[in-house]
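Below is one structure, written out as structure tokens; the observations come after it.
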Amino acid sequence: DVKVTQSSRYLVKRTGEKVFLECVQDMDHENMFWYRQDPGLGLRLIYFSYDVKMKEKGDIPEGYSVSREKKERFSLILESASTNQTSMYLCASSRGTSEQETQYFGPGTRLLVL
Amino acid sequence: AQKVTQAQTEISVVEKEDVTLDCVYETRDTTYYLFWYKQPPSGELVFLIRRNSFDEQNEISGRYSWNFQKSTSSFNFTITASQVVDSAVYFCALSEAIGSGGGADGLTFGKGTHLIIQP
């Protein structure tokens, strides 16, 4: 079974803090993704990575950065957290070869920025 | 640009009823993939099915079935004899093939349908 884990289920941070959300997958997947989920808006792609040290912007990258130093780990960074970044953050991974592969999701991190 | 529409925001049925969740998509590509995910109250998205645009055969898995119709750009999901454990938010998603956007690509999700199964 594919296993995607996220470092925290719940986080509370203050405005202006630097926040790290960690995601680890154990299936040697090439691709990793970060989404945020908000009521009425569904899931929106923030960033993704198709290889170590590679990253691509998704639909809503503003205010975020990412890091992928190792294949199994993909970190989402909020450089200076703001209240409008309060959300549910979901990490996903996929095998990614010559055709589009299924994305498998972690349990999510609910972030509250005060 | 690709788009997924799930017009039903919330559906409530009594246990054992059949229920169909609608999904309509838009894409300019001829090669694409469609997905359904289930999100129970715990929050994790659970993969249910993946379909490519060249395979229009309907699929059945136990009480779940999917109807893919390219002519109407729809990929509907039916639960037969619903159970309380089916209560969740269900998402339909679309992805274009690698190569159309270069490299891996994220999924475009619908806004989800909240399904409530009452005992």
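Naming convention: chains lettered A, B, ... in sequence-line order (proteins, then strands); numbering from 1 in each chain. Everything numeric here is computed off the predicted structure, so don't read it as measured data.
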Legend entry - Interatomic spacing from CG in B/L45 to OH in A/Y35 - rounded to 0.5 Å: 9.5 Å
Inset, instruction - Please list, chain by chain and in numerical order, all residues satisfying side-chain contact (heavy atoms from CB on, under 4.5 Å) with B/I60, sequence neighbours excluded. - result: B/S65
Inset, instruction - Is it possible for you to say whether B/F35 and A/F48 belong to one hydrophobic cluster, with membership spreading through side-chain heavy-atom contacts below 4.5 Å? - result: yes
Inset, instruction - Would you mind telling me which of A/R110, A/R44, A/Q37 has the largest number of heavy-atom pairs within less than 4.5 Å of chain B? - result: A/Q37
Inset, instruction - Give a yes or no on whether B/E10 atom CD has more than 12 heavy-atom contacts from other residues, nucleotides or ligands under 6.0 Å away. - result: yes
Legend entry - Region of B/Q39 in contact with chain A, defined by heavy-atom distances below 4.5 Å: side chain
Legend entry - same_hphob_cluster(B/Y64, B/V46) at 4.5 Å side-chain heavy-atom cutoff: no
Inset, instruction - Treat each ILVMFWY residue as a node, draw an edge where side-chain heavy atoms are under 4.5 Å apart, and state whether B/V4 and B/L21 are in one component. - result: yes
Inset, instruction - Let me know if A/Q6 has heavy atoms under 4.5 Å from chain B in its side chain, its backbone, both or neither. - result: neither
Inset, instruction - List the atom of B/Y37, the atom of A/T102, and the distance in Å for their closest heavy-atom pair. - result: OH-CG2, 4.0 Å
Inset, instruction - Against chain B, label A/R9 side chain, backbone, both or neither, depending on which of its atoms sit under 4.5 Å from a heavy atom there. - result: side chain
Legend entry - Members of residues 108-119 of chain B whose heavy atoms come closer than 4.5 Å to chain A: B/F109, B/G110, B/K111
Legend entry - Residues of residues 67-77 of chain B near chain A, each having a heavy atom less than 4.5 Å away: none
Inset, instruction - Check the hydrophobic clustering (I, L, V, M, F, W, Y; side-chain heavy atoms under 4.5 Å; chains of links allowed) and say if B/V89 and A/L43 are grouped together. - result: yes
Inset, instruction - Check whether B/V24 and B/L34 end up in the same hydrophobic cluster, where Ile, Leu, Val, Met, Phe, Trp and Tyr are linked by side-chain heavy atoms less than 4.5 Å apart. - result: no
Inset, instruction - Residue by residue, scan residues 73-92 of chain A and write down, ordered by number, those that have a heavy-atom distance under 4.5 Å to chain B; if none do, write 'none'. - result: A/M88, A/L90
